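Nothing here was measured: the structure is a model prediction, and the numbers come from that model. One is the number of the first residue; the rest follow in order along the sequence.
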Amino acid sequence: FLASLPLADGKTDFARILTSPGRETSTPGYPLFRSFRYDNSENRELNVVLFIMESWSAKHIKSLGGVVSAAPNFDELSKDGLLLTEFFANGQRSMEGMAAILGSIPVWKGMILGQGGLLMQTRMEPLPSVLRKSGYKTLFFHGARPGSMGFGSLVKRLGFSRHISMEDFDVNEKTYDSVWGIYDEEVFLRAHETFKKTDGKFFAVIYSLTSHSPYSIPSEKFRKFDKSQPYADFLNSMIYSDYALGRFFEEAKKSDYFKNTIFIVTGDHAEGRSTSDNLYEGHRVPLLIYAPGIVKAGTMGRASSQLDITPTVLDLLKSNAPFTSWGKSIFDKNANPILLSRGNMMVWVDDGRMLLTDLEKPFGLYDYRTDPDKNLLTTGGDAKDVSQNMLKQLQNYLSFSYKLITENRIRP
């Protein structure tokens with residue numbers, strides 16, 4: 001679909017928008033292959049552990065304004081961490097979330113990293129590869145079979161040195177959910193035990209599983225919501241995954257590695273059924289950076305997305321290692337426009353507004369900070385002009401990106 005997209009009017013300098021002038025340098029001809037301007041002496045020798053929580057939605061988290069509280073342990077952690085209140089998942093599927101979080105590459109309909117095609121042939125420098133080259137052990141934990149959801153090939157593509165999956169566990173009635181794989185508590189605590197035994201610095205991704213449909217839980221004690229509560233089956237599975245997260249940190253805080261580790265907790269995408277009627281909640285997921293004594297606690301209201309995780313991690317590490325990314329560190333003073341994929345439609349987020357479009361015409365324009373349910377295109381005023389300007393900016397963004405990809409100019 002990108003090949004048929006004409007270059008829209010305008011000369012937006014996306015290379016400048018996507019990078020941080022003064023804080024980063026980029027390679028001539030390869031604007032997205034860049035590095036921070038830190039001196040080697042500034043580098044922080046810290047571990048990084050990234051939790052990707054299956055289907056976790058901000059709508060169901062109290063600390064993010066949720067009416068239903070399905071993540072009390074996350075809420076407690078957030079008191080001592082940096083919590084982003086306007087953080088978006090770039091897609092609606094697990095594979096899309098992986099590509100955005102770890103590859104820092106947008107999600108486009110018909111073109112997804114890890115599913116062959118043009119992007120699999122494109123030279124990139126994703127986060128696990130960057131850190132592996134910087135001396136990190138790179139570990140990926142997921143309780144499903146190694147090839148489930150297409151993760152097996154993508155894990156290798158991203159640069160992980162070790163993939164811990166269902167095959168590495170004792171599968172029995174206590175550990176197996178009978179559908180997908182190993183319950184989250186087992187996986188999370190295995191990761192903790194692995195970290196305790198790991199020599200040297202490590203980067204690890206722990207991908208939850210239990211909050212995936214059909215929402216199996218290991219015990220009735222996690223059935224906090226009865227059938228009168230909408231989406232109770234999902235919410236109970238989220239309660240359990242949050243419990244597993246709490247168990248991990250209960251043990252991790254006793255370990256030697258804890259004080260030298262940056263922990264990040266985010267969602268791969270929002271849960272579809274319970275958020276489908278609202279564009280804003282349909283993409284809003286948690287993002288918590290938890291590193292007491294390293295990262296100052298508080299909240300941040302700037303709009304950002306999963307594409308920003310890679311540069312944010314490298315910024316926190318004060319690393320000058322080169323990387324590829326369509327995102328920007330959340331600590332940069334200027335936020336990026338954000339591209340979200342929604343089925344056959346695209347969403348462009350800029351300055352508190354969300355444009356829903358098929359790339360040819362606007363279908364909806366929403367001010368999510370004032371009334372995320374109201375389609376401004378139905379109210380008159382300047383909404384039509386605003387939506388047309390946003391559409392042109394989106395078309396330019398896609399044209400810029402497609403040109404870099406087809407000319408193989410993401411990375412030398």
Any salt bridge linking Glu281 with Lys59? Criterion: basic side-chain nitrogen under 4.0 Å from a carboxylate oxygen.
no

If a pair satisfies salt bridge (charged side-chain N to carboxylate O under 4.0 Å, His left out) and one of its residues is in residues 229-248, list it, with sequence neighbours excluded.
Glu185-Arg247, Asp233-Arg273, Arg247-Glu250, Arg247-Glu251

Modelled atom types, side-chain donor and acceptor of Trp348 and Thr357, under 3.5 Å
no

Any donor-acceptor N or O pair under 3.5 Å, side chains Asp315, Tyr38:
yes

Of the options Ser241, Ser216, Ser219, which is the one that meets Tyr183 in a side-chain contact (heavy atoms from CB on, under 4.5 Å)?
Ser216

Holding to side-chain contact (heavy atoms from CB on, under 4.5 Å), I want the full list of residues that pass it with Thr378, two or more places apart in sequence or in another chain.
Asn375

How about Tyr402 and Glu407: does a side-chain donor come under 3.5 Å of a side-chain acceptor?
no

For residues Asn40 and Asn320, is any side-chain donor paired with an opposing acceptor at under 3.5 Å?
yes

Flag for Tyr257-His192: side-chain donor and acceptor within less than 3.5 Å:
yes

Under a 4.0 Å threshold between the charged nitrogen and the carboxylate oxygen, would Glu220 count as salt-bridged to Arg223?
yes

Is there a donor-acceptor pair under 3.5 Å between the side chain of Asn43 and the backbone N or O of Lys318?
yes

I'd like to know if the side chain of Asp268 pairs up with that of Tyr207 as donor and acceptor (distance under 3.5 Å, no hydrogens or angles considered).
yes

